[in-house]
**Q** 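Quick one: the structure is below, and I'll ask about it shortly.
Just follow the structure's listing: the first ligand is 1, and inside any ligand the first atom is 1.
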Amino acid sequence: MEHRLVNLTKAANLIRNSNKICVFTGAGISAESGIPPFRGEGGLWNRYDPHILEIGYFLTKPKESWEAIRTIFYDFFHQVAPNPAHKVLAQWESDGKITGLITQNIDNLHAQAGSVKVYEFHGNCDRLLCLDCNKSYPSLSVDLKELPPLCPDCFGLLKPDFVFFGEGIPPLAYQQSIEAASSCDLMLIIGTSGEVAPANHLPHFAKRNKASIIEINREPSPYTKTITDIYLEGKAGELLPELNDLINLNN
Ligand code: OAD
């Protein structure tokens with residue numbers, strides 16, 4: 001059997017035999033929904049300076065920061081839909097295989113696909129938070145024509161409720177993610193460059209618990225040669241349905 005099929009079959013067997021899977025996703029899983037990743041080919045950070053997402057820059061230059069944020073995250077996010085990779089993961093959760101899905105993505109696509117136990121490590125772009133009075137608003141209800149958007153109640157600055165560089169991780173998501181990663185027997189790492197801390201430490205919690213690690217990516221990451229047991233190179237939206245077919249074929 002060719003190497004690719006051997007690996008796919010091994011991965012399918014591990015997934016079939018586990019009901020304690022923790023999934024860890026990054027921007028790559030949403031690429032086939034039309035959302036550009038941050039790094040690598042077509043990455044946002046080739047076009048924008050990451051300082052637009054630094055909390056210090058946002059607080060001093062909210063208009064400039066918001067202009068880029070609106071283009072990147074709000075002009076088209078409500079038009080995108082989950083792709084086959086998100087859907088397969090939601091199916092595996094309802095089949096009782098997945099105990100937790102940690103995502104660094106803020107696009108809400110896992111929840112839209114039907115995943116329930118989703119731990120949003122970097123928050124979510126669906127809400128805007130007033131930095132003065134702490135009220136939060138659905139982003140679709142806020143007019144983003146005039147920037148920066150201000151709180152209708154107290155005129156404080158509204159900030160997307162996702163994590164900027166220099167901010168802490170939401171405590172509940174942090175705790176749930178560590179627990180999910182530490183207690184799984186199989187971790188699926190999908191579409192992340194593994195370059196952003198502290199999120200990139202999570203797979204190491206799984207490894208320490210002796211979990212097997214399957215990684216899906218279009219190119220090798222820092223995990224591939226260190227903690228990954230089975231590396232599947234390709235697009236998540238193609239490989240996850242292929243794995244699903246293999247699992248169902250042998251049931
Ligand atoms: P990156 O943009 O750093 O990495 C995306 C990864 O997905 C790369 O390793 C690609 O090779 C891979 N990839 C691209 N298309 C793919 C596909 N169709 N199928 C599978 N893999 C694919 O994204 P993250 O690792 O998620 O933080 O970035 C981490 C954090 O950096 C983000 O959450 C964001 C950013 O700054 C915040 O916004 C706080």
Side-chain angles (χ1 to χ4, degrees), residues 4 7-8 11 23-58 65-66 68-74 77 80 82-89 101-110 118-127 129 159-170 173-174 177 187-203 214-226 228 230-243:
R4 180 180 181 279
N7 269 351
L8 270 171
V23 183
F24 177 52
T25 66
I29 196 166
S30 296
E32 288 152 87
S33 293
I35 300 179
F38 295 93
R39 298 170 188 80
E41 200 187 310
L44 287 168
W45 296 152
N46 301 329
R47 277 182 276 152
Y48 294 92
D49 189 322
H51 75 220
I52 56 147
L53 286 190
E54 274 164 18
I55 189 63
Y57 183 81
F58 179 79
S65 188
W66 254 112
I69 289 168
R70 178 177 60 190
T71 312
I72 297 173
F73 299 113
Y74 291 103
F77 256 35
V80 298
N83 67 53
H86 298 102
K87 290 178 190 167
V88 165
L89 294 175
L101 188 158
I102 308 163
T103 188
Q104 297 165 88
N105 301 344
I106 59 170
D107 55 29
N108 216 27
L109 290 182
H110 286 299
V118 181
Y119 310 134
E120 294 174 325
F121 207 77
H122 289 156
N124 192 304
C125 74
D126 272 3
R127 296 171 298 270
L129 190 69
K159 173 190 168 291
D161 196 13
F162 58 74
V163 177
F164 281 39
F165 293 117
E167 289 193 300
I169 304 302
Y174 185 80
S177 300
M187 176 172 266
L188 308 184
I189 304 176
I190 305 171
T192 178
S193 62
E195 286 192 22
V196 174
N200 60 358
H201 300 156
L202 290 165
I214 297 172
E215 182 185 8
I216 294 177
N217 202 313
R218 295 193 71 177
E219 61 189 27
S221 77
Y223 303 121
T224 313
K225 283 205 153 50
T226 53
T228 296
I230 301 176
Y231 173 58
L232 303 174
E233 188 158 295
K235 294 183 177 177
E238 294 170 3
L239 284 165
L240 281 161
E242 250 186 283
L243 283 168

**Q** Going by the rule ring-ring contact (aromatic ring centres under 6.0 Å, His included), which residues pair with F73 if we only count those two or more places apart in sequence or in a different chain?
**A**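 Residues passing ring-ring contact (aromatic ring centres under 6.0 Å, His included) with F73: F77, F162.
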**Q** Between the protein and ligand 1, which nitrogen or oxygen pairs come in under 3.5 Å, and how far apart is each?
**A**
unit_1   : atom_1 : unit_2 : atom_2 : d
ligand 1 : 2 (O)  : F38    : N      : 2.7
ligand 1 : 2 (O)  : R39    : N      : 2.8
ligand 1 : 3 (O)  : R39    : NH1    : 2.6
ligand 1 : 3 (O)  : S193   : OG     : 2.6
ligand 1 : 4 (O)  : S193   : N      : 3.3
ligand 1 : 7 (O)  : G191   : O      : 3.2
ligand 1 : 9 (O)  : N217   : OD1    : 3.3
ligand 1 : 9 (O)  : N217   : ND2    : 3.0
ligand 1 : 11 (O) : N217   : OD1    : 2.6
ligand 1 : 18 (N) : E32    : OE2    : 2.8
ligand 1 : 19 (N) : A236   : N      : 2.9
ligand 1 : 25 (O) : T192   : OG1    : 2.6
ligand 1 : 25 (O) : S193   : N      : 3.0
ligand 1 : 25 (O) : S193   : OG     : 3.4
ligand 1 : 26 (O) : A27    : N      : 2.8
ligand 1 : 28 (O) : R39    : NH1    : 3.2
ligand 1 : 31 (O) : R39    : NH1    : 3.1
ligand 1 : 31 (O) : R39    : NH2    : 3.4
ligand 1 : 33 (O) : Q104   : O      : 3.2
ligand 1 : 33 (O) : H122   : ND1    : 2.8

**Q** Taking only residues two or more places apart in sequence, or in another chain, which ones meet E54 in a salt bridge (charged side-chain N to carboxylate O under 4.0 Å, His left out)?
**A**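 Counting only residues at least two positions away or on another chain, E54 forms no salt bridge (charged side-chain N to carboxylate O under 4.0 Å, His left out).
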**Q** Using side-chain heavy atoms (C-beta onward) and a distance below 4.5 Å, is I29 in contact with H110?
**A**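 Yes; the side chains approach each other to less than 4.5 Å.
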**Q** When you compare the side chain of I72 with that of L44, does any pair of heavy atoms fall below 4.5 Å?
**A**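 When only atoms from C-beta onward are counted, I72 and L44 do touch, with a gap below 4.5 Å.
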**Q** Just to verify, what does E167 make a salt bridge (charged side-chain N to carboxylate O under 4.0 Å, His left out) with, not counting sequence neighbours?
**A**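 Salt bridge (charged side-chain N to carboxylate O under 4.0 Å, His left out) check on E167 returns K159.
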**Q** With side chains defined as the heavy atoms from C-beta onward, is the minimum distance between E120 and N105 less than 4.5 Å?
**A**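 The answer is no, as the side chains (C-beta and beyond) never meet within the 4.5 Å cut-off.
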